[in-house]
Amino acid sequence: MDKLFDGLNKAQREAVMHTEGASMVIAGAGSGKTRVLTYKVAWLIKKDTDPFNILALTFTNKAAREMKERIVQLVGADARNVWMGTFHSIFARLLRVEGHRLGYPSNFTIYDTDDSKNLLKNIVKELNLDPKVYQPNYLLGRISICKSNLISAQEYIDNEELVNSDKMAQKPEIARIFMIYQQRCFKASAMDFDDLLFNTYIILRDFPDALYKYQQRFKYILVDEYQDTNYAQYQIIKKLAANNENICAVGDDAQSIYAFRGANIKNILNFKYDYPDHKIFKLEQNYRSTKTIVDAANSIIKNNKDQIFKEIWTENEEGYKIRIFRAQSDNEEGNLVAAAIFENKMNQHLPNSAFAILYRTNAQSRAMEEALRKLNIPYRIFGGLSFYKRKEIKDLLAYFRLCVNHNDEEAFLRIVNYPTRGIGKTSVEKLIALAGENNKSIWEVTDDMALLRSVLNQGTIQRIRDFTTMIRSFSVQLKTRNAYDLAKHIAVSSGIIRELNEDKTLEGVARLDNIEELLNAIREFTEKTPELPLEDGNTKKASLDDFMLDIALLTDADNEDDKDDRDKVSMMTMHQAKGLEFPYVFVVGLEENLFPSFQSLSSRADIEEERRLFYVAITRARERLFLSYAENRYRWGDLLACEPSRFIDEIDQKFIEKPSLRGGRHFKMTRHHHISSDNTQFPVSLPANKKIKPLRQAERMAVNPSTLSYDFSELQTGMEIEHDHFGRGKIISLEGIGSNRKATIFFPNIGQKQLLLKFAKLRIIK
DNA sequence: GGAGGCCTCGGAAGG
DNA sequence: CGAGGCCTCC
């Protein structure tokens, strides 16, 4: 037996060795799923499969990168040639080559969700429709679900059922908006995230030579997180695998938590019909968690009706029972969690990084942060505003985008007047209108003097031409300069750096830092990318258009900041925790209406998804699990009374530490759980408009006004403080009492300011 | 064009 | 509560 198989158990080994034909690996939490995938690819390579013939699809870039590194360690650098990446990055690559078949240039832009929403907003405005009725979020959601179910704009218009349901919902124009949106994206040489899948499918469907080419190339196909694939992804895989049927789908139906964004659990349930000769491997031994945690998780998930039978077990020791905290308020919940972390850190000699706090919504992080700060426990929050979503980053990237693709409408609109150059809203609206009337992109309009003269004055025209001339001059240099040089040149010549330099606030300084960080990333890219040979025998460093190829597909996890990985407690949503593990895990906010979320209460399918999310959350824990809930919680500025989550009741009581429940439980079966039938519809009809918000008003409760006394006694005249926005300053005087207490502060960069202490979150420097 | 006031509305999140 | 959009005023 090859030594590659050392350290794999029987089920894992069988799954790895089954390379020919279809197979499905049902991998329970902590059962070594990633291991099977990596070893399977490694085994294929070892058996002399050309890495170029292996396609491995993951859900995150990070997963792909880590897996690739691991495989390289196992079988050598050759493994770098495996086609491994997310669905979106792999198929974006395919579309750069094949997109011309549908009329896209190879340098098409990838619109991110902000671009898509802006475009939709503009379209609604141009059509004079009510922006309240046609909200960008809603529209994009609708369009996205269509495309991920392979329904084109034309098919939508022709589908009576869909059009009628929109009429019933008083939104009859959705089909038209969808169509215009697609046309505008096309005109801008842009694809949104869903187009990357939709268009890939269309090419495989309509161009037999292309289908043949990729079926030949991808002889072995592996798909990770199969339970989270949507219909479009499913169909693409099915097409690619149709010839060889060497497909291996890995997943766990119990961990499907993305149905809300179109993932279809049926893909995993139907695998057996799609590939009748398939083999199923079940990985049921958990290596991660204690018996208590594994069995408690089993006792929860068995409440779900829709699932593939499996029995997760472990040889690990029994371990600690689960402790449950009941808190009076969200703040007290934070204090209990922080205190427990502190105590365990000390008693068990654990590093901060041994702990994770998992919550349902990002808003819950605040109470936890405050509590941890009080005890001086360092923490790191995952999620939040992504680097690539920051305004200054998007601004600079928009310059790059427009250089690479002049037709990129969203990039054009973003920067045509940033930094300000006297091209106002009215002029821009006229450009958009001209583009629409003449079936041109905005850039093409700016190139047509006759058209411009028809609606704009000479001064405006000149300013617009100056702008396009500048962009052109940048574009020319794509050929001559390397990515870093040009990026830096653009950052300076565009005026962005000057603009940010003038902003002396903390925010402004941080923005400039971010620009610098982006430029550093580009420098690194320029240096790391192998040089391309030129016709004249010289070589050429990577250029800015190379860098821009899949920049839209990058996320925060892709630039792991090594400077920030000091020993810290991790805080994140349960969704983000998928795939991770920690010795000590706190799952907080176990309250009805929060977890399970109030939006999920009316359908069984939604509740089951929440339950799977709970399952994911608790199976992150290796040694010890803590659950908590608050009886009162601030939500959207109101103090709400809460009841403990039904999920707490679902855990078999024998796994729970007894004395923690002071006063016993005050709820049992008295609640009414409104359960309607499953509203999953597939593939033509769309999910019905989601439920009406239940109970919000009724839940509201009076706030106890005696708690509103403010005490800022630590602050004194003469102190140096720091303010989020104004930076450091010195307190000149203090006046007023209670909530009216205010300070006069001198900020060197800004001047003198009067601030109400209850709003200004001042930090004392000395 | 930018600052400041008022209003609205809120899920989880990968690419 | 707080972010973001929109409107008004300079």
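FYI, side chains are in, hydrogens and waters are out, and symmetry mates aren't considered; it's all heavy atoms of this structure. Below, chains carry the letters A, B, ... as their sequence lines are ordered, and counting in each starts from 1.
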Name every donor-acceptor pair, under 3.5 Å, that has one atom in a side chain of residues 255-263 of chain A and the other anywhere in the protein, sequence neighbours excluded.
residue, atom, partner, partner atom, Å
A:Q255, OE1, A:R620, NH2, 3.4
A:Q255, NE2, A:D252, OD2, 2.8

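- Side-chain nitrogen and oxygen atoms of A:Q576 include at least one within less than 4.0 Å of the OP1 or OP2 phosphate oxygen of B:dA13.
- Nucleic acid contact for A:F87: none, since no nucleic acid atom lies under 4.0 Å from a heavy atom of the residue.
- Checking the phosphate oxygens (OP1, OP2) of B:dA13, a side-chain nitrogen or oxygen of A:T573 falls inside 4.0 Å.
- Here B:dG14 presents its P atom at 20 Å from CG of A:D195, a figure rounded to the nearest Å.
- In the set B:dG15, C:dC1, B:dG2, C:dC1 carries the atom at the smallest distance from any side-chain atom of A:W636.
- In the set B:dG11, B:dC9, B:dA13, B:dA13 carries the atom at the smallest distance from any side-chain atom of A:R261.
- The separation between A:M572 atom CE and B:dG14 atom C1' is 15 Å, rounded to whole Å.
- The aromatic ring of A:F260 sits over the base of B:dA12, with ring centres less than 5.5 Å apart and planes tilted by under 30°.
- One finds a side-chain N or O of A:N61 lying less than 4.0 angstrom from the OP1 or OP2 phosphate oxygen of B:dG15.
- As judged by a 4.0 angstrom heavy-atom cut-off over every strand, A:I423 is placed among residues touching the sugar-phosphate backbone only.
- In terms of position on DNA chain B, the residue among A:T60 and A:R360 whose nearest nucleotide sits closer to the 5' end is A:R360.
- Taking atom CG of residue A:D114 and atom P of nucleotide B:dG15, one finds them 15 Å apart after rounding to whole Å.
- The nearest heavy atom of DNA chain B to A:S597 and to A:E499 marks one nucleotide each, and the one closer to the 5' end goes with A:E499.
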Side-chain donor-acceptor contacts of residues 421-428 of chain A below 3.5 Å, not counting sequence neighbours, with atom names and distances?
residue, atom, partner, partner atom, Å
A:R421, NH1, A:I415, O, 2.7
A:R421, NH1, A:V416, O, 2.9
A:R421, NH2, A:Y399, OH, 2.8

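- The phosphate of B:dG11 has neither OP1 nor OP2 within less than 4.0 Å of any side-chain N or O from A:N362.
- Annotation: the span from A:N267 atom CG to A:I237 atom CD1 amounts to 7.5 Å, rounded to 0.5 Å.
- Outside the 6.0 Å centre-distance limit, the rings of A:Y201 and A:Y231 are not counted as a close aromatic pair.
- Atom P of nucleotide B:dG10 and atom CD of A:Q135 are separated by 7 Å, given to the nearest angstrom.
- For A:T86, taking side-chain heavy atoms from C-beta onward, the closest of the listed nucleotides B:dA12, B:dG15, B:dG1 is B:dG15.
- Rounded to whole Å, atom C1' of B:dA13 lies 16 Å from atom CG of A:D192.
- Computed from coordinates, the A:L613 CG to B:dG14 P distance equals 13 Å when rounded to whole Å.
- Regarding A:H88, its NE2 atom lies at a distance of 9 Å from the P atom of B:dG15, rounded to whole Å.
- Residue A:R366 is the one, among A:K425 and A:R366, whose nearest nucleotide of DNA chain C lies closer to the 5' end (criterion: closest heavy atom).
- No hydrogens or angles considered: a donor-acceptor pair under 3.5 Å links the side chains of A:E225 and A:Q227.
- Contacts of A:D112 with the nucleic acid, taken as non-hydrogen atoms under 4.0 Å apart, are absent.
- Within the 4.0 angstrom heavy-atom criterion, base atoms lie near A:F193.
- Distance A:L640 CG to C:dC1 P: 14 Å, rounded to the nearest Å.
- Between the side chain of A:E610 and the base of B:dG11, a donor-acceptor pair under 3.5 Å is found.
- When the nucleotides B:dG15, B:dG10, B:dA12 are ranked by their closest atom to the side chain of A:L553, B:dG15 comes out on top.
- Between A:Y226 and A:Y234, a ring centre-to-centre spacing not shorter than 6.0 Å is recorded.
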